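Here's the structure, in structure tokens; my notes come after.
Throughout, protein chains are lettered first and strands after them, A, B, ... in sequence-line order, and every chain is numbered starting at 1. Scope of the values below: all heavy atoms of this structure, side chains included, with no hydrogens, waters or symmetry mates. Computed from a predicted model, the values in this text were never measured in an experiment.
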Amino acid sequence: MVPRVYLVSYIFSNVGVFLYTKKEKVMDYKKLVTDALVKVLDGQIQEDKVYQLLEKPKSLELGDFAFPAFPLAKVMHKAPQTIAAEIVAQIDQTDFQKIAAVGPYVNFFLDKRNFSADILQQVIGEGTKYGNQNIGNAGNVPIDMSSPNIAKPMSMGHLRSTVIGNSIAKILQKTNYNPIKINHLGDWGTQFGKLIEAYKLWGSEEEVKADPINKLLEYYVRFHQEDVAHPELDEEARAWFKKLEDGDEEAVHLWKWFREESLKSFMKIYGILGVEFDSYNGEAFYNDKMNEVVSLLEKRHLLKESQGAQIVDLEKYDLNPALIKKTDGATLYITRDLAAAIYRKRTYDFAQSLYVVGNEQTNHFKQLKAVLNEMGESWSEDIHHIPFGLITQGGKKLSTRAGRVILLEEVLDDAIKLAEKQIAAKNPNLNNKEKVADQVGVGAVIFHDLKNERMNNFDFDLEEVVRFEGETGPYVQYSHARAMSILRKADNPELTAELTYQLEDEDSWEVITKIAAFPAVIKRAAEEYEPSVVAKYSLHLAKAFNKYYAHTKILVEDKQTLSRLALVQSVATVLNESLRLLGVQAPEEM
RNA sequence: GCGCUUGUAGCUCAGCAGGAUAGAGCGACCGCCUCCUAAGCGGUAGGUCAUCGGUUCGAUUCCGAUCAAGCGCACCA
């Protein structure tokens, strides 16, 4: 028999399924259904059309595949119900558990014993490698993510970019890309002019040393309050930034100090979140690379003067002009991003370059790509902005300037404290309480951020973010912990891919089909840069497993004990791997 | 005004190339721990899929218009 083990898991994918490996044809259950149908359809409809029409029924009670007879009604001049019934009467049912006509549909039920054996054997054999696939051919993918601003505390908004970027990196790695996580720190720009001006006016060294981030934020907010009545402050701030760009000693000294203090507090939060970066090259890093960008633009005669500033006209792209240099000669956001894009292409020769940045910056990235395209850099099409929705509070946009922030560190602290309380109430004898409280609290926050589509806006609600019941991270973690607990109670049985595991009951079938869908889920998540696909999937699998757990006694001795344990082991593996891809830890006990 | 994004149960959201009675979670009400972790399982109630047109045998899904919301629209990032 041909090895069917390897592609079996693709069958629930509705995306185009490859039927062939490099050399030989591999067993594919969707193909099996197609072949059976083609034999009785007598050329009324093409084979690939049949394959394409096959769908997954709404409910497992209706089978594993359904063929709708509607399209045949026209050609055969018969009612679809009649056609479905005739197909069932003639079709060869030997490879299936059952084939039945329900109204205009022909429903196929797979052979549960064969299918469960294939899937369990595969997962047990591959372990955490299950679901790995080669989409990226090891291509480099720099991911611009997190990128907090120096001298401002990290807010919930930075959490989004951080956890989405982190998860995309892990998902891309699983599909054989080589992600490079870049924290493009906001450590340059006129905001530093403002900060220095504010510090000079109202700040002191002692104050900043005592509580760096909060004091710096305070100065910054006060600056924006006062400059309404005193517009001359803006002039001063601009002057300070110009000094900074020109290397003025005092300005540089203050900048370095602010940056260092800020980075310290960021690292603490990254530690809690479990996120690491490959590069911290922020905006300042590109300070000495900007002249080249400007001269490249000049060489191509793309720069134009407009109202005293240097711009690139993008009218033919239906975009506003890109401002390269301000009237005072200082550079801007897009100038630095151009330098960064070029630097990344030269350094990493990337297959794709991603920017996990809020939805509100869509135009900026369109401009960036357009300018690069004008410069003749054809790789500009490999640049992808990965936008995400806004976090609001009371329906209003958060704004550091207006002092309306939700501090990430406080949210994480609250979540961990609530997890501690939960453990005290639910499982007071637990080992490693502190560690598990961290994992669960932080896991809840990260999962909450990733479970919905990136583009959805959400209004911040602490109770919602740190919920531990229902569709939450802790629910998935709990399901995983339950599975691990069973395996411990069974003395961690030796399950190998050489053994045959077979299950045929309804409750396990639901779990098995979910496990089988994992590789297709990874593929979709990678192609759409969408961690929520994995998060939703982990919830579905956890739910199916908990249902199974409630209805089936696993640890009883009979001839299927080992098969049930293989199922539990497979669930644990896939849940653990799903959570890992989201950047959430999976405690073995909780 | 122009552009981008979004509009599905009281709330938060799924619904993946259009197809069978539109699904979860939370909240409400009601059940289930002499048995593998009740952070769990099950049940009841709750929906003109924003509106109007078009394409189609068939539209929550595709197209267009309208309405509503959020975001953006050069010297911030």
Side-chain angles (χ1 to χ4, degrees), chain A residues 13-16 52-53 55-59 62 66 68 70-71 73-74 80 102-105 107 147 149 186 188-191 194 238 283 306-311 318-328 330 332-334 336-337 357-364 366-367 387 389-390 392 395 397 401 419 422-423 425-427 430 440 444 448 451-453 455-459 461 463-464 467-472 474-475 477-479 481-490 520-521 524 528 532-533 536 539-540 542-543 546-547 549-556 568 589-590:
Chain A
S13 158
N14 288 323
V15 229
Q52 197 193 332
L53 278 168
E55 57 189 68
K56 191 182 163 190
K58 295 248 169 203
S59 139
L62 291 167
F70 303 102
K74 251 186 178 172
V102 180
Y105 291 90
N107 292 338
S147 311
N149 293 320
W188 207 246
T190 30
Q191 53 172 339
K194 293 175 183 176
R238 260 194 282 274
E283 299 185 321
S306 170
Q307 297 168 33
Q310 296 290 315
I311 65 156
D318 236 359
L319 292 168
N320 286 325
L323 251 182
I324 303 297
K325 266 189 170 181
K326 298 198 281 191
T327 315
D328 66 5
L332 282 141
Y333 187 33
I334 196 161
R336 287 189 284 277
D337 259 359
V357 180
N359 181 27
E360 64 271 24
Q361 290 191 34
T362 301
N363 280 328
H364 167 73
K366 281 185 181 167
Q367 289 183 322
L390 217 58
T392 56
K397 194 186 175 187
R401 293 183 187 187
Q422 190 79 348
I423 290 167
K426 304 275 183 190
N427 198 354
L430 182 67
V440 172
H448 175 267
K451 80 171 172 182
N452 290 328
E453 264 180 63
M455 283 304 289
N456 293 358
N457 290 351
F458 73 83
D459 201 64
D461 177 357
E463 276 184 43
E464 193 62 39
R467 170 165 267 134
F468 299 143
E469 287 151 28
E471 295 180 327
T472 65
Y475 174 82
Q477 292 174 315
Y478 179 72
S479 310
R482 275 183 144 182
M484 295 307 288
S485 170
I486 289 178
L487 294 170
R488 273 195 306 276
K489 290 232 156 78
V521 165
R524 199 182 142 204
E528 297 178 9
S532 71
V533 170
K536 293 276 188 208
L539 287 169
H540 295 321
K543 192 170 164 58
N546 280 322
K547 188 177 169 188
Y549 182 97
H551 296 293
T552 309
K553 182 80 180 158
I554 295 157
L555 292 177
V556 286
V568 173
E589 254 181 291
M590 65 183 271

Distance test, side-chain N/O of N149(A) to OP1/OP2 of C76(B), below 4.0 Å: no
A14(B) OP1/OP2 closer than 4.0 Å to side-chain N/O of K536(A): no
Phosphate contact (A77(B) OP1 or OP2) by R336(A) side-chain N/O below 4.0 Å: yes
Touch class at under 4.0 angstrom, heavy-atom based, for Q361(A) against every strand present: base
Shortest side-chain distance from E55(A), nucleotide among A20(B), U37(B), C36(B): A20(B)
P-based separation of G18(B) from G64(B) [nearest Å]: 16 Å
Sugar-phosphate only, base, or nothing, as touched by Q477(A) at under 4.0 Å among non-hydrogen atoms: nothing
Whole-angstrom distance between C62(B) and C16(B), as gauged at atom C1': 15 Å
Span that lies between the C1' atom of A38(B) and that of G72(B), in whole angstrom: 48 Å
Between T392(A) and D459(A): side-chain donor-acceptor atoms closer than 3.5 Å: yes
Inter-nucleotide C1' distance (G70(B), G27(B)), Å rounded: 26 Å
U8(B) versus C13(B) - spacing of their P atoms, nearest Å: 9 Å
Touch class at under 4.0 angstrom, heavy-atom based, for N456(A) against every strand present: sugar-phosphate
Sugar-phosphate, base or nothing in reach of A73(A), heavy atoms under 4.0 Å: nothing
Between Q361(A) and Y333(A): side-chain donor-acceptor atoms closer than 3.5 Å: yes
Distance between P atoms of A50(B) and A22(B) (Å, rounded): 15 Å
C33(B), syn or anti by chi within 90 degrees of zero: syn
Sugar-phosphate only, base, or nothing, as touched by A322(A) at under 4.0 Å among non-hydrogen atoms: nothing
Under 4.0 Å protein heavy-atom contact, by nucleotide of nucleotides 39-45 of chain B - B base, S sugar-phosphate only: BSSS---
Spacing of K426(A) atom NZ and Y478(A) atom OH [to the nearest 0.5 Å]: 8.5 Å
Touch class at under 4.0 angstrom, heavy-atom based, for A481(A) against every strand present: base
Donor/acceptor link under 3.5 angstrom from S485(A) side chain onto base of C36(B): no
Sugar-phosphate, base or nothing in reach of P71(A), heavy atoms under 4.0 Å: base
Touch class at under 4.0 angstrom, heavy-atom based, for K489(A) against every strand present: sugar-phosphate
Side chain of E453(A) - closest among C36(B), C13(B), A14(B): A14(B)
Sugar-phosphate only, base, or nothing, as touched by I311(A) at under 4.0 Å among non-hydrogen atoms: base
Touch class at under 4.0 angstrom, heavy-atom based, for D337(A) against every strand present: nothing
Touch class at under 4.0 angstrom, heavy-atom based, for I554(A) against every strand present: base
Touch class at under 4.0 angstrom, heavy-atom based, for S532(A) against every strand present: nothing
Any K326(A) side-chain N or O less than 4.0 Å from OP1/OP2 of C76(B): yes
K547(A): salt bridge (Lys or Arg N to Asp or Glu O under 4.0 Å) partners, not counting sequence neighbours: E510(A)
Presence of R238(A) side-chain N/O under 4.0 Å of C76(B) phosphate oxygens OP1/OP2: yes
Watson-Crick or G-U pairs under 3.5 Å in RNA chain B, rendered as dot-bracket with [ ] for crossing pairs and | for another strand: (((((((..((((.....[...)))).(((((.......))))).....(((((..]....))))))))))))....
Touch class at under 4.0 angstrom, heavy-atom based, for Q307(A) against every strand present: base
Sugar-phosphate, base or nothing in reach of P104(A), heavy atoms under 4.0 Å: nothing
Short side-chain N/O contact to G15(B) OP1/OP2 from K58(A), under 4.0 Å: no
Anti or syn - A17(B), cut at 90° from 0: syn
Gap in Å between the two C1' atoms, one belonging to A28(B) and one to A9(B), rounded: 13 Å
